[in-house]
Amino acid sequence: MKIYSWNVAGIRACEKKGLYDWYLEELAEVYCFQETKALPEQLNDQLVNPKSHSAIYAPAVKKGYSGVSTWVKSGIEHKHTIGLGIEEFDNEGRTIITEFDNFFLFNCYFPNGQRDHARVPYKMSYCKAIEEKAQELHQQFKKDIIITGDYNTAHHPIDLANPKTNTKSTGFLPLEREWMDHFEEIGYVDIFRHFTPEENGHYTWWTYRSNCRERNIGWRIDYFWTNKDMLKNIKGCSHHTDILGSDHCPISLELN
DNA sequence: TTACCCGCAAC
DNA sequence: CCATAAGTGC
DNA sequence: GTTGCGGGTAATCACTTATGG
């Protein structure tokens with residue numbers, strides 16, 4: 001089973017740049033998209049009813065802003081929950097939780113802290129809410145947990161090209177990084193880093209400015225995290241840096 | 001966000 | 001219909 | 001001298017909605 005996650009930075013624009021063709025080539029079991037920036041009624045039919053999948057959308061109340069969508073291949077038993085049951089987060093279309101036979105899949109768009117750090121507290125409370133929901137579902141249903149999406153945080157200096165000049169930028173603030181430390185301490189694993197330890201230059205986002213993607217000046221802010229016990233079922237995790245269409249690249253997780 | 005320039009300290 | 005401005009991203 | 005770091009400023013790309021004519 002293969003799961004993709006991709007921050008598309010506007011699913012309509014990304015469609016024009018080949019998202020649906022890429023989907024048809026892959027036809028993986030699951031796709032998690034973030035920053036769809038659209039209401040379902042604004043979309044072409046193929047994005048609402050993709051050929052081989054059922055798609056669910058969690059748009060933000062505010063038009064053209066945020067939003068996530070999860071696509072599951074026809075025939076795979078599953079059940080969706082939109083949002084966390086917390087209004088301030090659900091208003092912004094940040095979360096879809098999908099339950100499968102053996103695990104829960106969280107598709108998350110973690111908030112941006114904003115340049116002036118105004119939304120850092122909001123971001124931190126979203127982190128906490130996701131963490132609590134994951135623990136709750138894990139303990140209640142005894143199923144594994146996969147949390148993917150755009151975390152908007154680089155964990156360690158090797159996770160971004162310019163760690164020194166960004167210690168005061170949201171995405172690499174001590175507070176944001178500490179939450180990831182904590183998340184690790186309570187038993188969750190950053191899957192890409194697990195398979196590719198201590199190797200720098202692996203990013204999932206590059207600013208459009210200054211040809212940063214070509215020069216690989218980027219950040220690793222999109223992840224798959226799972227509970228530790230799930231590791232034995234995981235074959236690998238990849239970054240698909242050759243897939244264009246957004247300022248993020250798709251990432252994938254392969255399960256047994 | 002990165003790129004660039006400036007001043008200052010360290011060697 | 002096209003051009004432009006403004007908000008957001010980070 | 002030159003190297004390196006910190007601080008400050010300048011210039012930057014794209015998606016979306018709304019507005020104007």
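Below, all heavy atoms of this structure are taken into account, side chains as well, without hydrogens, waters or symmetry copies. Letters go in sequence order (proteins before strands), and every chain restarts at 1.
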**Complete:** Among the nucleotides D:dA14, B:dT2, C:dG7, whichever has the atom closest to the side chain of A:Tyr208 is D:dA14
**Message:** Distance check needed: C:dG9 P versus A:His117 NE2, whole Å only.
**Reply:** 13 Å
**Message:** Tell me whether the count of non-hydrogen atoms from other residues, nucleotides or ligands lying under 6.0 Å of NZ in A:Lys232 goes above 12.
**Reply:** yes
**Item:** Among D:dC5, D:dC15, C:dC10, the one nearest A:Lys164 by side-chain distance
**Value:** D:dC5
**Message:** Please give the distance between the C1' atoms of B:dC5 and C:dA6 as a whole number of Å.
**Reply:** 31 Å
**Distance, rounded to the nearest Å, where A:Lys37 contributes NZ and C:dC10 contributes C1'** = 12 Å
**Item:** Integer-rounded Å distance: C:dT8 P and A:Gln34 CD
**Value:** 20 Å
**Asked** Rounded to whole angstrom units, what separation is found between the CZ atom of A:Arg209 and the P atom of B:dC4?
**Response** 15 Å
**Item:** Integer-rounded Å distance: C:dG9 P and A:Gln114 CD
**Value:** 5 Å
**Asked** Would one find a side-chain N or O of A:Asn166 under 4.0 angstrom from OP1 or OP2 of B:dT2?
**Response** yes
**Prompt:** Should A:Ser210 be listed as having a side-chain N or O under 4.0 Å from OP1 or OP2 of D:dA11?
**Reply:** no
**Asked** Are A:Trp219 and C:dG9 close enough that a side-chain N or O sits under 4.0 Å from OP1 or OP2?
**Response** no
**Prompt:** Is there a ring pair (Phe, Tyr, Trp, His ring centres under 6.0 Å) between A:Phe224 and A:Phe192 once you walk through the steps?
**Reply:** CA-CA 7 Å; A:Phe224 285 95; A:Phe192 182 85; over 10 Å; no
**Request:** Select one nucleotide: of B:dT2, D:dG7, C:dG9, the one nearest the side-chain heavy atoms of A:Cys212.
**Result:** B:dT2
**Message:** For a quick check of understanding: with a heavy-atom distance under 4.0 Å over all strands, which category does A:Arg213 fall into, base, sugar-phosphate or nothing?
**Reply:** nothing
**Request:** List the atom of A:Leu255, the atom of A:Ile3, and the distance in Å for their closest heavy-atom pair.
**Result:** CD1-CD1, 4.0 Å
**Message:** Mind checking if A:Asn152 touches a base, just sugar-phosphate, or nothing, with heavy atoms under 4.0 Å?
**Reply:** sugar-phosphate
**Asked** C:dC10 P sits how many Å from A:Lys123 NZ, rounded?
**Response** 8 Å
**Request:** Kindly point out which of D:dT12, D:dT17, B:dT2 is positioned nearest to the side chain of A:Lys63?
**Result:** D:dT17
**Complete:** Regarding the side chain of A:Ala13, the nearest nucleotide among D:dT16, C:dC10, C:dG7 is D:dT16
**Request:** Identify whether any heavy atom of A:Lys17 sits under 4.0 Å from a base atom; if not, whether one sits that close to sugar-phosphate; answer base, sugar-phosphate or nothing.
**Result:** sugar-phosphate
**Complete:** Atom CZ of A:Arg215 and atom C1' of B:dA3 are separated, to the nearest Å, by 9 Å
**Item:** Interatomic distance at C1', C:dT8 relative to B:dC4, whole Å
**Value:** 26 Å
**Fill in**
Looking only at C:dT8, B:dT1, D:dT17, the nucleotide nearest the A:Thr207 side chain is B:dT1
**Prompt:** Is there a donor-acceptor contact under 3.5 Å from the side chain of A:Lys73 to the main chain of A:Ser54?
**Reply:** no
**Asked** Do any N or O atoms from the side chain of A:Tyr223 and from the backbone of A:Thr153 form a donor-acceptor pair under 3.5 angstrom?
**Response** yes
**Message:** Without decimals, in angstroms, what is the distance between A:Arg115 CZ and D:dC13 P?
**Reply:** 15 Å
**Prompt:** Would one find a side-chain N or O of A:Lys62 under 4.0 angstrom from OP1 or OP2 of C:dG7?
**Reply:** no
**Prompt:** Should the pair A:Tyr4 and A:Tyr31 be assigned to parallel (<30°), tilted (30 to 60°) or perpendicular (>60°) ring geometry?
**Reply:** parallel
**Prompt:** Roughly how far apart, to the nearest Å, are B:dT1 and C:dC10 at atom C1'?
**Reply:** 6 Å
**Message:** Would you say CD of A:Glu198 has more than 12 non-hydrogen atoms from neighbouring residues, nucleotides or ligands within 6.0 angstrom?
**Reply:** no
**Request:** Just compare C:dG7, B:dT2, C:dG9 and give me whichever is closest to any side-chain atom of A:Tyr65.
**Result:** C:dG9
**Item:** Nucleotide of D:dT17, C:dG9, C:dC10 approaching A:Trp205 most closely (side-chain heavy atoms)
**Value:** C:dC10
**Message:** Applying a 4.0 Å non-hydrogen cut-off, can you work out what A:Tyr109 is touching in the nucleic acid: base, sugar-phosphate, or nothing?
**Reply:** sugar-phosphate
**Asked** When we call it a touch if two heavy atoms are under 4.0 Å apart, what does A:Asp150 touch: a base, just sugar-phosphate, or nothing?
**Response** sugar-phosphate
